[in-house]
Protein chains: 2
Amino acid sequence: MQTVADEVGVSRSTVSNAYSRPDQLSPELREKIFDAARRLGYAGPDPAARSLRKGRVGAIGVLFSATLSYAFTDPYAVQFLRGLAETAELHDTGLLLMPLAEDATAAAAAVQNAVVDGFCVYCLPDWHSAQAAMRLRKLPVVSSERRDAGDPEARFVAIDEAAATLAAGRYLAALGHRRIALIADWIVPERETRPVATARPEDVPYYVSRERLAGYRDAFAEVGVEWPEIATVNAAQNSRAAAAQAASCVLDRAPRPTAILAVSDMLALGVLDALHTRGLRPGRDVSVIGFDDIPDATTAGLTTVRQPALEKGRQAGALLLNPPEDLAQRQVVLPTELVVRASTGPAPDA
Amino acid sequence: MQTVADEVGVSRSTVSNAYSRPDQLSPELREKIFDAARRLGYAGPDPAARSLRKGRVGAIGVLFSATLSYAFTDPYAVQFLRGLAETAELHDTGLLLMPLAEDATAAAAAVQNAVVDGFCVYCLPDWHSAQAAMRLRKLPVVSSERRDAGDPEARFVAIDEAAATLAAGRYLAALGHRRIALIADWIVPERETRPVATARPEDVPYYVSRERLAGYRDAFAEVGVEWPEIATVNAAQNSRAAAAQAASCVLDRAPRPTAILAVSDMLALGVLDALHTRGLRPGRDVSVIGFDDIPDATTAGLTTVRQPALEKGRQAGALLLNPPEDLAQRQVVLPTELVVRASTGPAPDA
DNA sequence: TTGAAAGCGATACCAT
DNA sequence: ATGGTATCGCTTTCAA
């Protein structure tokens, strides 16, 4: 096969330089090489070969536990990804989306074979086989959860989940709410919508739900409402429909809770749907609180905990692509804020 | 450095086989090799090296002209990607998201350096520098638009855009509508929301808008409404807000159009917003029609053209990862359907 | 400014 | 069932 180097009568190094280090050769020669390349249909250095040689791929793997469509259905996720993409673009890096199959072996294989420079873990349950597979790769990993904080090498950009719901819970407790229901996804690993009375927060396998539930537990414990008195319902997934169904489990039996607390706005909106169906008034008959502060929360008048999704994504990207020397600075905790709207109010029986 | 092969006392080929062709060696030896690997912290074959050797990367590049967040804000896009991801997963392939920068050079470079087995083009204007860069790579490309239909090698999964809006336009014409306004993004390359009176459909640089506008032009020409009589407004982007602003351009001057036709549901919803603001009744005072049939269209009672987004994505993936032998079968045109809801009705002055 | 040669880390093919 | 060897296509170092 006729190579560009042969055609021009130079060495392969020189052709390589023409593409990657223009300052290393004369402009005329460079042009001559490009000419020949065009003639021969050579498109420039092969990215795979270049990756092997340079040890850099130009892509980071984004791990999802869910299907793509769930991931992108949640505006919070979209904002996070957008921030990540912004930073990635600055570093000439693409995002390799890796929706992980249910099949643990397949998921681990996907992680093992991913052609990436690092991983961004987002919404991945602790028990997932991909977690272990990632560690093996010895690539940098950044998490959007406060994970392995004990490990000084761990990188994350997180929020203080438990503190956020502690504050939200105290606010509700102060309003007099004592009959409480919590709705979360992955309280149990099964994807079923049903009450899961026995679980303690510590038993919840999914970090985010675990922490947020713990915050609520602590808040209500302060006013004498113990954990077993609080109804907990597992949502099959982080969707409005699942949450509406979950809400049914507690709304359709007496005594009805005076407040329903969801670990995400998507879930909280579903709770509002369930109230609406029953002619119940949010903030009057039943208070509802969410988490994230997605745009629809404003429209719906949903009280919620705001977290900086976009900024989380941006900083996650930076932690991966341009990590600070100081290890401590690789563990970022961003602030949250309780945003009170119309969906919460004094407990009706207070 | 101590290699796994050395440690076990076998050749590199055998180690390779242990990972990639388990049937080629005894289970005991395989276990011994994995043991040694674990001890030495070897994570298995390096994906970059393997890609180079095998000539397969296990990823396809998804090209966007827009930012990630716009792409994922549109439910139509999300469905398409979901279908693509479904097929990709079946073939152990990831999706490399490539939001292309405005900067033409950077975009071309991104395409040149992407470590992928093929490209899926989605929502990329014809003039974009990435188009040419892709051709150079000589990788398979699938488009979600009926592109280069003359080229027998071209692969696409599309709909007949013009036929779809021709049908929709005829439906409106039959309802008596004669004063028409069209709203589309990229009627002109500039991202500005403003009337663009002079453009003929043929001049529109973005394929999708061009075709859809042409279909509407033909429909109304049939009832004697010529193109110059039809108001066309460019939307800065495919968003509700931009469309609401675009609608203002035609709603706030007399005589008001009796029908506003948008090339996407996102835009059409924005038009409904604008009507709502002015106390105008959709389907009575002003008829509105969209395109895509996203879920919100149902809720909003929006008349629209349904296209099979999920299926488009699925088949696009198949065309890339498992192409049929027969070239003709690589050019798929899926059906569309006019879905009539409450946002359209007889022209008020008819 | 240019060239020669040594890998990057794996796999395919052919022997044994 | 296992090993030897060539090779994938490039970049890098060092020498000319």
Side-chain angles (χ1 to χ4, degrees), chain A residues 1-37 40-59 92 109 111-117 136-139, chain B residues 1-37 40-59 92 109 111-117 136-139:
Chain A
M1 175 192 160
Q2 179 70 343
T3 71
V4 173
D6 293 345
E7 173 88 4
V8 184
V10 297
S11 74
R12 316 206 303 254
S13 327
T14 305
V15 176
S16 173
N17 282 335
Y19 283 96
S20 307
R21 311 176 59 176
D23 52 314
Q24 296 296 301
L25 71 177
S26 65
E28 305 88 62
L29 181 54
R30 193 164 123 97
E31 260 322 308
K32 238 166 84 179
I33 289 175
F34 286 168
D35 261 5
L40 272 59
Y42 175 74
D46 177 86
R50 164 180 273 181
S51 301
L52 174 59
R53 183 61 236 232
K54 306 236 285 195
R56 181 187 180 270
V57 171
D92 297 312
V111 170
Q112 263 159 23
N113 299 327
V115 190
V116 295
D117 299 317
L136 268 185
R137 286 287 304 265
K138 283 181 244 154
L139 291 175
Chain B
M1 176 193 161
Q2 178 70 344
T3 71
V4 173
D6 293 345
E7 172 88 4
V8 184
V10 296
S11 74
R12 314 209 300 257
S13 324
T14 304
V15 175
S16 173
N17 283 335
Y19 283 95
S20 307
R21 311 178 57 175
D23 53 313
Q24 296 295 300
L25 72 176
S26 65
E28 306 87 62
L29 180 54
R30 191 163 125 98
E31 261 321 307
K32 239 166 86 181
I33 289 176
F34 286 168
D35 261 6
L40 271 60
Y42 174 74
D46 177 86
R50 165 181 272 178
S51 301
L52 174 59
R53 183 62 238 232
K54 306 237 282 197
R56 179 185 181 273
V57 170
D92 296 313
V111 169
Q112 261 160 26
N113 298 325
V115 190
V116 295
D117 298 317
L136 268 184
R137 285 288 303 267
K138 283 181 247 158
L139 292 175

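The chains referred to below are lettered A, B, ... by the order of the sequence lines, with proteins before strands, and numbering in each begins at 1.
Considering only side-chain N and O atoms, A:Thr14 lies nowhere under 4.0 angstrom from the phosphate OP1 or OP2 of C:dT2. Close to D:dC10, at under 4.0 Å from its OP1 or OP2, lies no side-chain N or O of A:Ser16.
Using modelled atom types, one finds no donor on one side chain facing an acceptor on the other under 3.5 Å when comparing B:Ser16 with B:Arg21. Of the N and O atoms on the side chains of A:Thr14 and A:Asn17, not one donor lies less than 3.5 Å from an acceptor on the other residue.
Note: CG (B:Asn17) to P (C:dT11) measures 8 Å, nearest angstrom. Here the C1' atom of nucleotide C:dT11 and the CZ atom of B:Arg56 are 15 Å apart, to the nearest Å. Per the geometry, CD belonging to B:Gln24 stands 13 Å off C1' belonging to C:dC14, to the nearest Å. Rounded to whole Å, the distance from CG on B:Leu25 to P on C:dT11 is 13 Å. In this structure, A:Leu29 atom CG and C:dG3 atom C1' are separated by 12 Å, rounded to whole Å. The nearest whole Å value for the distance from the CG atom in B:Asn113 to the P atom in D:dC10 is 12 Å.
Across all strands, B:Ser20 comes closer than 4.0 Å only to sugar-phosphate atoms, never to a base (heavy-atom distances). Using a 4.0 Å heavy-atom cutoff across all strands shown, A:Ser26 reaches sugar-phosphate atoms only and no base atom.
Taking the six-membered ring wherever Trp is involved, the centroid distance between the rings of B:Tyr19 and B:Tyr42 falls below 6.0 Å.
Residues satisfying the salt bridge (Lys or Arg N to Asp or Glu O under 4.0 Å) test with A:Asp35, not counting sequence neighbours, are A:Arg38.
Going from atom CG of B:Asp6 over to atom CZ of B:Arg12 covers 9.5 Å, rounded to the nearest 0.5 Å.
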For this session: Report the C-alpha separation of A:Val57 and A:Val116 in whole Å, then their side-chain angles, then the decisive distance to 0.1 Å, and conclude whether the side-chain contact (heavy atoms from CB on, under 4.5 Å) test is met.
Result: CA-CA 6 Å; A:Val57 171; A:Val116 295; 5.6 Å; no
For this session: Take B:Ile33 and B:Val8 through the side-chain contact (heavy atoms from CB on, under 4.5 Å) test and state the conclusion after the steps.
Result: CA-CA 6 Å; B:Ile33 289 176; B:Val8 184; 4.3 Å; yes
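For the helix from C:dT1-D:dA16 to C:dT16-D:dA1, the angle separating the two terminal helix axes comes to 30°, with each axis derived from five pairs and the value rounded to 10°.
When atom types are taken as modelled, the side chain of A:Arg30 and the backbone of A:Ala18 share a donor-acceptor pair closer than 3.5 angstrom. Without hydrogens or angle criteria, B:Arg56 side chain to B:Asp117 main chain gives no donor-acceptor distance under 3.5 Å.
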What nitrogen or oxygen pairs link the protein and nucleotides 5-9 of chain D at under 3.5 Å?
unit_1, atom_1, unit_2, atom_2, d
D:dT7, O2, B:Arg53, NH1, 2.8

